[in-house]
Structure formats: structure tokens, C-alpha cells
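What you see is a predicted model, and the numbers here were worked out from it, not measured in a lab. Each ligand, and each atom within it, is numbered from 1 in the order the structure gives. Positions are given from 1 along the sequence.
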Amino acid sequence: MTFDVITIFPDFFRSILEHGVLKRALAAGLAAIRLHDLRDFTEDRHRTVDDRPFGGGPGMVFKPDPVFKAVAALQAETPGQHLHVILLSPQGRLFTQTVAEELRWQERLVLICGRYEGVDERVAEHVATDEISIGDFVLSGGELPAALIMESVVRLLPGVLGNEESAPQDSFTAKQVGGREFQHGLLDFPHYTRPAEFQGWKVPQVLLSGNHEEIRRWRRQRALEKTWRRRPDLLAGFPLSEEDRQWLATLQREAEVPGRGTGSLVPQPRDET
Ligand code: 9D3
């Protein structure tokens, strides 16, 4: 899979290409990342990529011409091939694991990184075939989003992770259940390693017990509990077993009447208000 990144900061990407999953994928020849300096597609002496916005207002906007030329140069390398051209922008569709799994099937991805107040809208309309945001927070440009997308897509390519099983087990991998696609799984259960006691903080006893059925139940309950507390939105699209529902009902009762719910025999003071 080849990524073509169009950016005014090609050097930004150098260190991330030398670490972790991207380095491994590049070394194994499973992915290639080509960096293209947008200024190389300008024609004026100052290599100008931006200009003031029509209609007034603060900041600068990426001119369309260098972006058009950069993408045209890439298209000219493979004239017949359909190019998937992604504009990174806050107005794009939200990037999720499901989008990563969709993109992994592309032979080639072009990533356009904007900066300043944005990119001339004619790029979104006539050059990009896709527009993606990585979330509702303000960044200064598309470089971090492009790096993030490459990381998440590359680790889905067969052979990139040491363990071939690792990718499909991730908690956000889309699950096909009953013909419906679930965008998310549950949040992960807590993990512990040695020592069994660290600064007085003990590893939950059940994990040391060797009782695998108890461990399985404990992990499932912790995953459900963390998801229910922090990301209840994920539960809406998740296929719950009868045992899951009973545990969630227990948590619900516990929240309504603290101390009841788990069958505590210790009487709790009533809330007088
Ligand atoms: C503070 C400027 N904003 C005015 C209302 C608009 C704005 C323009 C350009 C906000 C951010 C940016 C630069 N961001 C990106 O290019 C970007 C981005 C992001 O900021 N958040 C999440 N995903 C993405 S993808 C590209």
C-alpha cells in the first residue's frame, strides 16, 4: 500500500517513519510512504502556498493551484488508476476504526494536509474524493491526522503485526453480528503484571487464582463496567449476552441505591433528602 502525503512540513513525518508499526511495514515492503512538499508545486519566486480569504476575515487559506498540481503529478504516474484523495479537514467525516478498515483495501492513498484557516473549497469539491476529520478538537493542520490515519491503516495490513491475530481482536474493531455491523466493541478490561503487590497496591486476587472461568467472568464484568461508566454510547451498538445484561442491571441498581445491588449484607444509611 502506498501513501502519498502532500504537506508543507514533510520533515514532520520523518521521525514517525522510523518507529513502531510504520517502520516495520516500510522495512518489510508492505507499505510505502512518499512525502511531497507542496511548495515544490508552486511557480513563484517565494513558493507561495497561501493567500488571504475572499470576503475578509483572519488568517490565510491554501491556494488551490499548488494542490491541484501536486495531485495531477501523482495521477500522471498512474494515468488509468482511480486515486483515493483524502483532504484532512475539521469538516470531514469522522475517522473511526470502521473507516480505517475501509481504507486498508486501497492500493494507494493520497493525503492532503491543510494548514492555516483552511484550504480553498475547490480542493474539497474537485480534487479530493474523501474528506476526513479525526475528532472534534482544534489542531493546527492535517499532519498529525495524516500520521494517525497511516498508523491505524498500516497495522491492519496482513503481515505488519507480529501476531496475525492481534488486529481483529482490538476493542474497536467492527464486529459483524447478526448481519449488522457494530462500530465498536467494549473498552478493555484492566491488565496487570508482576509484582503481585506494588507499593501496597495489590493485583485483584481472582487473577492469581488460576480459576479461568472466574477470571473470564471478572474480565467481562470489568470491561462492561468501564464501558458503562465512561462510554455508555458504545453499549447501544453492542450485542449483550443475558449474563452481560444481568451485570449491567446490578451496576444500575448499585448506582441507584449504593450498597444494594451486589447483595451487600451491610445496611446502608438512607438518603434523607
Ligand atoms: C481555529 C480555526 N477554526 C476557525 C473556526 C477552523 C480551523 C481551520 C483549520 C480549525 C482547524 C484547522 C486545522 N485543522 C486541520 O487541518 C485538521 C483537523 C483538526 O483540526 N481537528 C481534527 N481533525 C482534523 S483533520 C485536519
Side-chain angles (χ1 to χ4, degrees), residues 1-17 19-22 31 33-42 47-71 74 83-106 108-156 170 172 174 183-184 230-231 233-234:
M1 183 167 191
T2 301
F3 297 88
D4 283 286
V5 184
I6 300 170
T7 172
I8 58 167
F9 295 129
D11 288 341
F12 171 90
F13 294 90
R14 310 264 179 225
S15 80
I16 63 150
L17 304 186
H19 294 91
V21 80
L22 289 175
I33 297 177
R34 303 169 68 210
L35 303 172
H36 308 278
D37 188 339
L38 185 63
R39 294 192 195 279
D40 291 345
F41 300 90
T42 58
R47 310 205 333 140
T48 309
V49 294
D50 60 340
D51 205 340
R52 293 156 61 201
F54 275 128
M60 300 290 270
V61 175
F62 264 11
K63 298 158 62 67
D65 186 66
V67 181
F68 271 71
K69 286 200 170 76
V71 175
L74 297 176
L83 271 190
H84 194 102
V85 182
I86 300 171
L87 174 65
L88 287 319
S89 104
Q91 286 74 45
R93 64 186 175 128
L94 187 62
F95 187 72
T96 63
Q97 190 67 20
T98 303
V99 175
E101 300 210 347
E102 171 199 323
L103 296 177
R104 75 189 273 200
W105 302 106
Q106 297 291 330
R108 194 174 187 196
L109 281 185
V110 179
L111 299 165
I112 303 171
C113 308
R115 278 266 146 185
Y116 312 118
E117 285 307 298
V119 177
D120 188 288
E121 187 66 11
R122 288 164 289 189
V123 170
E125 286 181 348
H126 304 295
V127 180
T129 62
D130 197 356
E131 191 170 351
I132 293 179
S133 160
I134 62 163
D136 294 337
F137 36 81
V138 179
L139 302 171
S140 306
E143 281 78 11
L144 272 170
L148 180 153
I149 287 169
M150 290 193 287
E151 156 95 16
S152 69
V153 170
V154 153
R155 59 188 298 292
L156 296 175
D170 284 352
F172 290 102
Q183 173 137 338
H184 297 296
R230 296 189 183 167
R231 293 294 307 278
D233 58 304
L234 297 183

(request) Heavy-atom cut-off of under 4.0 Å around ligand 1: list whichever protein residues fall inside it, by chain and number. (result)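 Lining ligand 1: L88, S89, P90, Y116, E117, I132, S133, I134, G135, F137, V138, L139, S140, G141, G142, P145.
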
For residues [X] and [Y], determine if any side-chain heavy atom of one lies less than 4.5 Å from a side-chain heavy atom of the other.
X    : Y    : result
I33  : V154 : no
T48  : T42  : no
R122 : V127 : no
H36  : L74  : yes

(request) Dump the intermediate steps for salt bridge (charged side-chain N to carboxylate O under 4.0 Å, His left out) on D37 and R39, then the final yes or no. (result) CA-CA 5 Å; D37 188 339; R39 294 192 195 279; 5.1 Å; no

Which donor-acceptor pairs under 3.5 Å do side chains of residues 54-64 form with protein atoms, sequence neighbours excluded?
none

